[in-house]
Amino acid sequence: MPVKLQHFDLNLLKVLSVLYEERSVTRAADRLGRTQSAVSNSLRNLRDALDDPLFVRGADGLTPTPKARTLEEQVNHIIRSTDRFLTDDAAFDPAAASGRCRLGAPDRMSLPVVVPLLQSITAAAPGLNVDVITTDRDQALQMLDDDRIDLAIGWFDSPPGRFKAELLFHEVFVCLCRPEHPILSKKASAELADILAYPHLVVSAAGDHKAAFDTLLARRGLERDARRSVSGFSIVPNILRENDLIGVFTARVAQALARDFGLATLPVPMEIEPLDHFMVWHSRDDADQQHTWIRDQIKLACDV
């Protein structure tokens with residue numbers, strides 16, 4: 001029979017939330033400042049109340065059952081909402097912050113924005129956990145709606161009105177290629193036709209051989225030869241160094257890869273307009289002090 005609220009100890013949800021993160025009764029007990037036997041007893045009570053084992057032993061610790069996986073986001077949402085309810089009237093102190101921030105961002109933001117962001121959060125709020133999830137713009141908006149991420153950064157033409165949004169920066173496109181690439185021997189800058197004459201390497205999180213540059217080309221009735229497609233930037237330097245493929249990427253990630261891996265860059269003609277990068281969040285989080293502080297850290301990271 002379903003358990004009625006008046007018969008359920010809500011403190012058990014905190015134990016369950018920590019078990020999701022730690023996958024270990026011992027580590028959960030350390031986090032909660034309780035004995036291992038007390039956490040084991042709480043898990044036993046949860047199993048009885050929910051009529052499910054919830055966690056079973058696996059090779060890397062406790063593994064959640066299908067029912068536990070179904071409940072995880074609901075449980076974490078309850079814990080986050082309760083934390084906000086209890087702390088809203090207190091001044092936010094980053095050094096004492098805890099919990100988890102979930103950030104959705106395209107992979108091109110990882111090197112130029114996410115790395116300095118994580119460094120600043122680690123220094124100022126060491127107890128705050130951060131999950132960075134690779135998202136495209138449509139996926140990010142859906143995940144905000146579903147409360148699966150707390151913030152999204154990236155290119156959004158016009159975020160829907162149910163979201164809050166703030167412009168972070170404008171960013172132009174540049175070509176990235178090996179230093180000996182023939183496109184560099186022609187001139188200091190290239191025409192769009194020159195760029196489109198070569199086969200391209202595309203980074204597409206959605207796996208559809210399309211990126212922001214393709215959207216802007218399509219608006220002009222143009223397309224490129226997307227000869228190779230990968231889902232992230234980690235192997236882009238290795239691919240570009242070996243052949244005459246070129247990549248057209250936003251400037252910050254292209255310049256970071258050129259600097260770190262000895263690649264060359266070439267400006268894309270200004271007829272391709274810059275991308276407006278926004279920070280987007282759900283209206284429900286607008287007044288939350290911790291959320292506001294994280295938004296400020298993102299703006300600082302974008303100014304680096």
Which pair of non-hydrogen atoms, one from [X] and one from [Y], has the smallest distance, and what is that distance?
X: Leu266; Y: Ala190; value: CD2-CB, 3.5 Å
X: Asp145; Y: Arg284; value: O-NH1, 4.0 Å
X: Leu245; Y: Leu201; value: CD2-N, 4.4 Å
X: Ala97; Y: Ala125; value: CB-CB, 4.5 Å
X: Cys302; Y: Phe169; value: SG-CE2, 3.6 Å
X: Leu176; Y: Ala258; value: CD1-CB, 3.9 Å

Taking the side chain as C-beta and beyond, is there a heavy-atom pair between [X] and [Y] under 4.5 Å?
X: Ile153; Y: Leu168; value: yes
X: Cys175; Y: Val268; value: yes
X: Leu216; Y: Glu273; value: yes
X: Ile183; Y: Ile195; value: yes
X: Leu19; Y: Val15; value: yes
X: Leu240; Y: Cys177; value: no
X: Val230; Y: Ile239; value: yes

task = Take Asp286 and Trp281 through the side chain to side chain donor-acceptor pair (under 3.5 Å) test and state the conclusion after the steps.
result = CA-CA 7 Å; Asp286 190 47; Trp281 64 98; 3.0 Å; yes
Residues in side chain to side chain contact (heavy atoms under 4.5 Å, CB included) contact with [X], at least two apart in sequence or another chain:
X: Leu222; result: Leu192, Leu196, Leu217, Arg220
X: Ala212; result: Trp155, Phe173, Leu275
X: Leu12; result: Phe8, Asp9, Ser42, Asn45, Leu46
X: Ala197; result: none

Donor-acceptor contact below 3.5 Å, side chain [X] vs main chain [Y]:
X: Asp260; Y: Leu257; result: no
X: Arg47; Y: Pro53; result: yes
X: Arg27; Y: Glu22; result: yes
X: Tyr20; Y: Ala68; result: yes
X: Thr292; Y: Asp288; result: yes
X: Glu171; Y: Arg252; result: yes

key: Chi angles and distances behind the side chain to side chain contact (heavy atoms under 4.5 Å, CB included) call for Arg108, His277   = CA-CA 12 Å; Arg108 67 176 179 274; His277 283 84; 3.3 Å; yes
Looking at residues at least two apart in the chain, or sitting in another chain, which of them share a side-chain hydrogen bond (donor to acceptor under 3.5 Å, both in side chains) with [X]?
X: His291; result: Arg295
X: Arg228; result: none
X: Thr265; result: none

Show every side chain to side chain donor-acceptor pair (under 3.5 Å) that has at least one partner inside [range], sequence neighbours left out.
range: residues 126-136; answer: Arg100-Asp131
range: residues 110-126; answer: Asp107-Ser110
range: residues 232-250; answer: Arg178-Asp244
range: residues 204-214; answer: Ser204-Asp208, Asp214-Arg224

inquiry  = Please tell me whether Phe249 and Phe233 form a close aromatic pair, meaning their ring centres lie under 6.0 Å apart.
reply    =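 Ring-ring flag for Phe249/Phe233: true, centres closer than 6.0 Å.
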Ring centres under 6.0 angstrom apart (Tyr198, His181) =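 Ring centres of His181 and Tyr198 closer than 6.0 Å.
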request  = Inspect the contact between Glu73 and Arg102 and indicate whether a charged nitrogen and a carboxylate oxygen are less than 4.0 angstrom apart.
outcome  =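 Salt bridge: yes.
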query = Do Asp296 and Lys299 sit within salt-bridge range, that is, some charged N less than 4.0 Å from a carboxylate O?
reply =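 Counted as a salt bridge, because a side-chain N and a carboxylate O are separated by less than 4.0 Å.
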ask   = After noting the C-alpha distance and the side-chain angles of Gln74 and Leu71, does the key distance pass the side chain to side chain contact (heavy atoms under 4.5 Å, CB included) rule?
value = CA-CA 5 Å; Gln74 300 174 56; Leu71 294 173; 4.2 Å; yes
request  = Please check if atom CZ in Arg219 has more than 12 non-hydrogen atoms from other residues, nucleotides or ligands closer than 6.0 Å.
outcome  =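 Counting other residues, nucleotides and ligands, CZ of Arg219 exceeds 12 neighbours.
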request  = Look at atom CG of Asp51 and say whether more than 12 heavy atoms of other residues, nucleotides or ligands are closer to it than 6.0 Å.
outcome  =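 Count not over threshold, so no.
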With sequence neighbours excluded, residues passing ring pair (Phe, Tyr, Trp, His ring centres under 6.0 Å) with Phe163 =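 Phe163 satisfies ring pair (Phe, Tyr, Trp, His ring centres under 6.0 Å) with His282 only.
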key: Worked check of side chain to side chain donor-acceptor pair (under 3.5 Å) between Gln142 and Asp146   = CA-CA 6 Å; Gln142 185 61 56; Asp146 295 342; 3.1 Å; yes
